[in-house]
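Heavy-atom basis, side chains included; hydrogens, waters and symmetry copies ignored.
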Amino acid sequence: QVQMVESGGGSVQPGGSLTVSCKVSGSMYNLCMGWFRQAQGREREGVAAIQTNNGATEYTDSVKGRFTVSRDHAKNTLYLQMNSLKPEDTAVYYCASYAQAWGVCTVRSTDYSTWGQGTQVTVSS
């Protein structure tokens, strides 16, 4: 079972950009990996997912065109590049994974079995 550690969170002004990373221990092949977020007082929300073998991606509607999920097998790292950030993007961001060797991955949190500890992203002027 892989372990994951997020980093790269911080504070940014509205309209700004930020990239969060998720370092994975062990192989990143044959996995669905996703990014989720949880704002204070709200339920956890799926943001983006990627199938690590074929690179197929999935996004929730609120971040399409602004966020990009990617992976780097050489660095065993998952990324979420976030552009045009809005105050409503403020949340703790988590990476997660489940075993799947093909197809398109979901952004349903109940499908994911392994989670990182999270990193805070704050968008405020």
Side-chain angles (χ1 to χ4, degrees):
Q1 187 172 352
V2 299
Q3 293 183 327
M4 296 167 291
V5 178
E6 299 94 336
S7 63
S11 295
V12 63
Q13 292 187 340
S17 298
L18 195 66
T19 298
V20 290
S21 303
C22 174
K23 180 72 172 178
V24 178
S25 67
S27 174
M28 286 182 65
Y29 287 100
N30 303 321
L31 293 175
C32 279
M33 297 200 70
W35 285 100
F36 295 80
R37 64 187 180 187
Q38 188 165 19
Q40 194 169 6
R42 303 192 67 175
E43 292 186 355
R44 189 169 296 186
E45 173 191 25
V47 175
I50 186 168
Q51 208 292 317
T52 59
N53 293 355
N54 63 28
T57 57
E58 187 73 14
Y59 297 92
T60 194
D61 286 345
S62 63
V63 307
K64 285 181 180 177
R66 299 190 298 125
F67 290 12
T68 303
V69 60
S70 62
R71 85 285 191 222
D72 185 334
H73 284 289
K75 295 182 178 179
N76 270 18
T77 302
L78 178 75
Y79 301 98
L80 183 68
Q81 180 180 347
M82 302 180 287
N83 298 325
S84 301
L85 281 161
K86 305 174 182 180
E88 52 263 44
D89 295 317
T90 296
V92 178
Y93 282 72
Y94 300 88
C95 63
S97 69
Y98 67 94
Q100 181 168 306
W102 56 276
V104 179
C105 304
T106 77
V107 290
R108 290 190 302 268
S109 61
T110 52
D111 289 337
Y112 288 75
S113 55
T114 305
W115 293 80
Q117 85 290 347
T119 186
Q120 176 71 46
V121 172
T122 302
V123 184
S124 174
S125 56

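Between the side chain of K23 and the backbone N or O of K75, at least one donor-acceptor pair lies under 3.5 Å. Not one N or O on the side chain of S84 forms a donor-acceptor pair closer than 3.5 Å with the backbone of R66. A donor-acceptor contact shorter than 3.5 Å links the side chain of T52 to the backbone of L31. Of the possible donor and acceptor atoms, none in the side chain of D72 sits under 3.5 Å from a partner among the backbone N and O of T77. A donor-acceptor pair is defined here as one N or O able to donate and one able to accept, closer than 3.5 Å; such a pair exists between the side chain of Y59 and the backbone of V69. Here the side chain of T90 pairs a donor or acceptor atom with the backbone of V123 at under 3.5 angstrom. Judged by distance alone, the side chain of N30 and the main-chain N or O of N53 form no donor-acceptor pair under 3.5 Å. One N or O on the side chain of Y112 and one on the backbone of T106 form a donor-acceptor pair closer than 3.5 Å.
Shortest non-hydrogen contact noted between L78 and C95 is CD2-CB, 4.1 Å. Taking each heavy atom of Q51 and C32 in turn, the nearest pair found is CG-SG, 4.3 Å. The shortest heavy-atom contact between G46 and F36 is CA-CD2, 3.3 Å. The nearest pair of heavy atoms linking M4 to W115 is CE-N, 3.8 Å. Shortest non-hydrogen contact noted between V104 and A56 is CG2-CB, 4.2 Å.
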Steps toward side chain to side chain contact (heavy atoms under 4.5 Å, CB included) verdict (E6, Y93): CA-CA 8 Å; E6 299 94 336; Y93 282 72; over 6 Å; no

From CA spacing to verdict: side chain to side chain contact (heavy atoms under 4.5 Å, CB included), C105, E58: CA-CA 7 Å; C105 304; E58 187 73 14; 5.8 Å; no

Criterion side chain to side chain contact (heavy atoms under 4.5 Å, CB included) on Q81 and Y79, from CA distance to verdict: CA-CA 6 Å; Q81 180 180 347; Y79 301 98; over 6 Å; no

Verdict with supporting geometry, V12 and M82, side chain to side chain contact (heavy atoms under 4.5 Å, CB included): CA-CA 11 Å; V12 63; M82 302 180 287; over 6 Å; no

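Rounded to the nearest 0.5 angstrom, L80 CG and L18 CG are separated by 9.0 Å. Atom OG in S17 sits 6.5 Å away from atom CG in L85 (nearest 0.5 Å). One finds the CZ atom of R37 at 13.0 Å from the CZ atom of R44 (value rounded to the nearest 0.5 Å). Taken to the nearest 0.5 Å, the SG atom of C22 stands 7.5 Å off from the CE atom of M28. Annotation: the span from S62 atom OG to E45 atom CD amounts to 5.0 Å, rounded to 0.5 Å.
Put simply, V20 and M33 are part of the same group of oily side chains (I, L, V, M, F, W, Y) that touch within less than 4.5 Å, one to the next. No continuous path of hydrophobic side-chain contacts links V24 to Y94 [ILVMFWY only; heavy atoms under 4.5 Å].
Under the 4.0 Å criterion applied to side-chain N and carboxylate O atoms, D61 and K64 are assigned as salt-bridge partners.
Around atom CD of E88, more than 12 heavy atoms belonging to other residues, nucleotides or ligands sit under 6.0 Å away. The neighbour count for Q3 CD, taken as heavy atoms of other residues, nucleotides or ligands under 6.0 Å away, does not exceed 12.
In summary, the aromatic rings of W35 and F67 are positioned with their centroids too far apart to meet the 6.0 Å limit.
Ring planes of H73 and Y29: parallel class, angle under 30° (limits at 30 and 60°).
You'll find the side chain of D111 stays beyond 4.5 Å of the side chain of Q100, heavy atoms only. S124 is not listed as a side-chain neighbour of S11, based on a closest heavy-atom distance of 4.5 Å or more.
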